[in-house]
Amino acid sequence: METVGELEDSVTKSSTFILFLSKGYFKSQNCKRELRAAFEKNKPLIVVYESDRGATLSEFEDEFSEHFENEDKAIMHKYVFNNQGRPAAMWLNETNFQIETIKMVVHRILLHLPYYRRNKEILDGGLEVTDEIGPQGISEQLIVFSCASNKGCQVLYKEIQSELAEGKNLICNVDFEQFLDLIHELPSHRAVLLLYLNKHVFDDEKSGKETRTSALVKRATDLGLKLVLVHEQDPEKGACPFNDFFHLTPSDLLNKPYNIYNTLAIPLHASLEHRRVSLRCILRSMGSSTPKHQVALSKFAKSVRKRIMGVRDSDGELGGVW
């Protein structure tokens, strides 16, 4: 497409329409033009939404309701937000999660192509690329300490362990408080303290002036244990903006010598595909490694990434015609 006047014709010639939702998309007349053209031509739709600044899909639905005024509003809403039961894919500003979104987009594109319609079994195993964070394994004993008072942490540990491809028998979870007196007897083992961050992280039963969780985090830091911070992103599991932790966390942990948030927290996303990536990132932070049998990133996948990251229409919005 060389001019905006060719927008509808460009949509007509495409095999699939990728709708990249960024803030203000539904305010743009040209964006609404291309979307309506895709709908009228019954183009397969793949929805990706920008979520880096905490935007949720419901916010884009609100924007749609405010700026999409026509008689087909209900049908168009279903076309965009109830896309044959396929959830919209999040676009996040971190390479590992971007690659996972690209895989989702490419997989859906391939499913609409004639060859793969006839041979769907080829895609049953999913896609693999060299740049992704693959299955993780460990080859030596790893002790993951947690605090019983840090609610949800032990459930998280089970998720982490289940994601291990190799070495499930080499990782164990230990209640830090119960094991405190024996910690010096394990100098040869790798050990970390897992801290699960949601809005309830320091809501546990009080012990003097500080919570049990904060007291144990301080003790672990004094002993030189590595902290692995995991930030829950699922609203149903107590997610909150990261800035909230600077109000929820006891001041002792925010300042020297602890400064616990100098350690980058790993986001734990809600969608199945991105949560798997989160769990692998957590394992890698604990010292795991990736098996080397990875398939090369196809030129097609690289092209998708380039399009998503850089193509904008004349209104400054990210385009979506394929």
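Hydrogens, waters and symmetry mates are skipped; everything else that's a heavy atom, side chains included, is used.
- A salt bridge links R280 to E163: one of the charged nitrogens lies within less than 4.0 Å of a carboxylate oxygen.
- The shortest non-hydrogen separation linking V192 to V228 is CB-CG2, 4.0 Å.
- Between the CZ atom of R36 and the OH atom of Y79 there is a distance of 11.0 Å, given to the nearest 0.5 Å.
- With sequence neighbours excluded, the residues forming a side-chain hydrogen bond (donor to acceptor under 3.5 Å, both in side chains) with S271 are H274, listed by chain and number.
- Using a 4.5 Å cut-off between side-chain heavy atoms of Ile, Leu, Val, Met, Phe, Trp and Tyr, with links allowed through other members, V155 and F145 fall into different hydrophobic clusters.
- Annotation: side chain of L19 is in contact with side chain of Y25 (closest heavy-atom distance under 4.5 Å).
- To the nearest 0.5 Å, the span separating CD on E34 from OG on S28 amounts to 7.5 Å.
- When atom types are taken as modelled, the side chain of Q136 and the backbone of A165 share no donor-acceptor pair closer than 3.5 angstrom.
- K41 is not listed as a side-chain neighbour of F17, based on a closest heavy-atom distance of 4.5 Å or more.
- Salt-bridge formation is detected for the pair E159/R275: a Lys NZ or Arg NE/NH1/NH2 atom is positioned less than 4.0 Å from an Asp or Glu carboxylate oxygen.
- Within a 6.0 Å radius of CD1 in I122, other residues, nucleotides and ligands contribute more than 12 heavy atoms.
- Between the side chains of T56 and S58, at least one donor-acceptor pair of N or O atoms lies under 3.5 Å.
- Closest non-hydrogen pair, A220 versus L193, comes out as CB-CD2, 3.5 Å.
- Residues satisfying the side-chain hydrogen bond (donor to acceptor under 3.5 Å, both in side chains) criterion with H77, sequence neighbours excluded, are E61.
- Proximity of a side-chain donor or acceptor of E232 to a complementary backbone N or O of L197 within less than 3.5 Å is not detected.
- Salt bridge status for R33 with E8: present, with a side-chain N to carboxylate O gap under 4.0 Å.
- Of all heavy-atom pairs between T213 and S149, the closest is OG1-OG, 2.8 Å.
- For E236, the CD atom counts as loosely surrounded, since its 6.0 Å shell holds 12 or fewer non-hydrogen atoms of other residues, nucleotides or ligands.
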Sequence neighbours excluded and cut-off under 3.5 Å, please list the side-chain donor-acceptor pairs for residues 243-251, or say none.
from, atom 1, to, atom 2, distance (Å)
T249, OG1, F245, O, 2.6
T249, OG1, Y261, OH, 2.6

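- Atoms CG and CG, from L195 and N150 in turn, are 5.0 Å apart once rounded to the nearest 0.5 Å.
- Of all non-hydrogen atoms in A148 and Q154, the two that sit nearest each other are CA-NE2, 4.4 Å.
- Atoms CD and CG, from E40 and D72 in turn, are 8.0 Å apart once rounded to the nearest 0.5 Å.
- Looking at I160 and N173, their side chains never come closer than 4.5 Å, going by heavy atoms from C-beta outward.
- Taking both residues in full, the closest heavy atoms of V106 and L127 are given as CG1-CD1, 3.7 Å, listed atom of the first, atom of the second, then distance.
- At most 12 non-hydrogen atoms from other residues, nucleotides or ligands lie less than 6.0 angstrom from CG of N42.
- Side-chain heavy atoms closer than 4.5 Å link hydrophobic residues (I, L, V, M, F, W, Y) into clusters, and following such links, even through other members, never connects M90 to L272.
- Distance alone, capped at 3.5 Å, is enough to place a donor-acceptor pair between the H231 side chain and the C240 backbone.
- Listed by chain and number, the residues in a salt bridge (Lys or Arg N to Asp or Glu O under 4.0 Å) with E63 amount to none (sequence neighbours excluded).
- Here the side chains of M286 and L194 are in contact, with some heavy-atom distance below 4.5 Å.
- A donor-acceptor pair under 3.5 Å is absent between the side-chain atoms of K218 and the main chain of L253, judged by distance alone.
- Put simply, I109 and Y115 are part of the same group of oily side chains (I, L, V, M, F, W, Y) that touch within less than 4.5 Å, one to the next.
- R108 pairs by the salt bridge (Lys or Arg N to Asp or Glu O under 4.0 Å) definition with nothing, not counting sequence neighbours.
- Side chain of K103 to main chain of E128: no donor-acceptor pair is present (N/O by atom type, distance under 3.5 Å, no hydrogens or angles).
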**Item:** Intermediate values then yes/no, side chain to side chain contact (heavy atoms under 4.5 Å, CB included), F97 and I133
**Value:** CA-CA 9 Å; F97 297 107; I133 180 168; over 6 Å; no
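- Between Y116 and H107, the closest side-chain pair of non-hydrogen atoms is not below 4.5 Å.
- Rounded to the nearest 0.5 angstrom, Y196 OH and L268 CG are separated by 6.5 Å.
- Nearest heavy-atom pair across I266 and C281 is CD1-O, 3.7 Å.
- Here C147 contributes atom SG and Q178 contributes atom CD; the two are 11.5 Å apart, rounded to the nearest 0.5 Å.
- A donor and an acceptor atom, one from each side chain of T95 and D131, are nowhere located under 3.5 Å apart.
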**Request:** Would you sort out whether C172 and Q141 count as a side chain to side chain contact (heavy atoms under 4.5 Å, CB included), showing the intermediate values?
**Result:** CA-CA 8 Å; C172 64; Q141 185 72 50; 3.6 Å; yes
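- Applying the side-chain hydrogen bond (donor to acceptor under 3.5 Å, both in side chains) rule to S278 yields no partners; only residues at least two apart in sequence or on another chain are considered.
- Side-chain contact between D203 and T211: absent, with no pair of heavy atoms (C-beta onward) separated by less than 4.5 Å.
- Under the 4.5 Å side-chain heavy-atom criterion for Ile, Leu, Val, Met, Phe, Trp and Tyr, M104 and L279 are members of distinct hydrophobic clusters.
- Under the 4.5 Å side-chain criterion, counting only non-hydrogen atoms from C-beta, F26 is in contact with L21.
- With contacts defined as side-chain heavy-atom distances shorter than 4.5 Å, the pair F64/H67 does not qualify.
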